[in-house]
Amino acid sequence: QVQLVESGGGLVEAGGSLRLSCATSGSIFSINDMGWYRQAPGKQRELVATITSGGSTNYANSVKGRFTISRDNAKKTVYLQMNSLKPEDTAVYYCNAQGVVLFTTRSRYQYWGQGTQVTVSS
């Protein structure tokens, strides 16, 4: 049973910082891409940032220069450092893992975390 568990969300004032973490558990052999998505009330889920197993990153234009994604392949964990937060960053942030290969099968799977709330006050 694979699980992704996010942590680090909370309430912060505009201009502040938060660091999100996403820890994985289960019989995972490897993970291709890991990333963060967010969903604000009344809006569709959108990509925030992704990172490949080799360290290549991709960011939404709205967070470039403010957010930094990183991962620890040995721990199969992904992080999101969020600086200069704005009220429009308020959303539930979801961790995503794609191309997950399990020890028990050569198939690749995608998994989502349950989400962590980030609220930025003005």
Side-chain angles (χ1 to χ4, degrees):
Q1 184 79 4
V2 173
Q3 287 188 318
L4 275 61
V5 179
E6 301 99 335
S7 61
L11 174 64
V12 65
E13 292 185 351
S17 298
L18 284 174
R19 186 178 189 241
L20 304 183
S21 298
C22 174
T24 63
S25 63
S27 299
I28 299 173
F29 175 72
S30 64
I31 304 173
N32 275 0
D33 297 346
M34 301 189 77
W36 292 93
Y37 292 72
R38 66 187 182 187
Q39 188 167 16
K43 295 187 177 181
Q44 289 189 334
R45 190 173 298 189
E46 64 176 5
L47 179 146
V48 175
T50 61
I51 184 167
T52 68
S53 57
S56 297
T57 58
N58 179 51
Y59 295 93
N61 287 334
S62 59
V63 306
K64 281 182 181 177
R66 300 189 297 122
F67 291 10
T68 302
I69 189 170
S70 60
R71 67 189 279 177
D72 184 327
N73 287 330
K75 295 182 179 179
K76 298 182 181 66
T77 300
V78 65
Y79 308 94
L80 185 68
Q81 178 66 44
M82 304 186 294
N83 298 329
S84 302
L85 282 160
K86 304 175 181 180
E88 50 263 45
D89 294 318
T90 295
V92 177
Y93 283 69
Y94 296 92
C95 177
N96 174 263
Q98 297 187 24
V100 179
V101 179
L102 307 180
F103 280 108
T104 55
T105 174
R106 293 188 178 181
S107 299
R108 296 178 180 270
Y109 301 92
Q110 178 179 206
Y111 294 94
W112 289 92
Q114 291 297 309
T116 185
Q117 177 70 46
V118 171
T119 302
V120 185
S121 63
S122 57

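Note that the coordinates shown come from a computational prediction; the quantities given were computed from them, not determined experimentally.
Placement of F103 and V101 within a single hydrophobic cluster is found when ILVMFWY residues are connected by side-chain heavy-atom separations under 4.5 Å, directly or transitively. Under the 4.5 Å side-chain heavy-atom criterion for Ile, Leu, Val, Met, Phe, Trp and Tyr, L4 and V92 are members of distinct hydrophobic clusters. Cluster membership for Y37 and L18, using ILVMFWY side-chain heavy atoms within less than 4.5 angstrom, is not shared. Y79 and I51 fall into different hydrophobic clusters, defined by Ile, Leu, Val, Met, Phe, Trp and Tyr side-chain heavy atoms under 4.5 Å apart, directly or through other members.
With ring centers used as reference points, F67 lies 6.0 Å or more from W36.
Atom CZ of R108 sits about 10.5 Å away from atom CG of L102, to the nearest 0.5 Å. Atom OG of S25 sits about 4.5 Å away from atom CD of Q3, to the nearest 0.5 Å. Atom OH of Y93 sits about 7.5 Å away from atom CG of L20, to the nearest 0.5 Å. Rounding to the nearest 0.5 Å gives a distance of 11.0 Å between CG of L47 and OH of Y59. Rounding to the nearest 0.5 Å gives a distance of 8.5 Å between OG1 of T90 and CG of L11. Put simply, OG on S21 and NZ on K75 are 9.5 Å apart, with the number rounded to the nearest 0.5 Å.
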Pair Q81-S17, side chain to side chain contact (heavy atoms under 4.5 Å, CB included): steps then yes or no: CA-CA 7 Å; Q81 178 66 44; S17 298; 4.0 Å; yes

Report the C-alpha separation of N96 and Q110 in whole Å, then their side-chain angles, then the decisive distance to 0.1 Å, and conclude whether the side chain to side chain contact (heavy atoms under 4.5 Å, CB included) test is met. CA-CA 7 Å; N96 174 263; Q110 178 179 206; 2.9 Å; yes

Go through the steps for I69 and V78 under the test side chain to side chain contact (heavy atoms under 4.5 Å, CB included), then give the verdict. CA-CA 7 Å; I69 189 170; V78 65; 3.8 Å; yes

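With hydrogens and angles ignored, the 3.5 Å screen pairs no side-chain donor or acceptor of R19 with any backbone N or O of G8. At least one donor-acceptor pair under 3.5 Å links the side chain of R66 to the backbone N or O of S84. E6 contributes a side-chain N or O that, together with a main-chain N or O of G115, makes up a donor-acceptor pair within less than 3.5 Å. T24 contributes a side-chain N or O that, together with a main-chain N or O of K76, makes up a donor-acceptor pair within less than 3.5 Å.
Side chains of N32 and S53: no donor on one and acceptor on the other come within 3.5 Å. Between the side chains of Q117 and T119, at least one donor N or O sits under 3.5 Å from an acceptor N or O.
Counting heavy atoms from C-beta on, the side chains of L80 and V48 come closer than 4.5 Å. The shortest side-chain heavy-atom distance between R71 and I31 falls under the 4.5 Å cut-off.
A cation-pi geometry, defined here as NZ or CZ lying under 6.0 Å from the six-membered ring centre and within 45° of its normal, does not hold between R38 and Y94.
In E46, the CD atom is crowded: over 12 heavy atoms of neighbouring residues, nucleotides or ligands sit closer than 6.0 Å.
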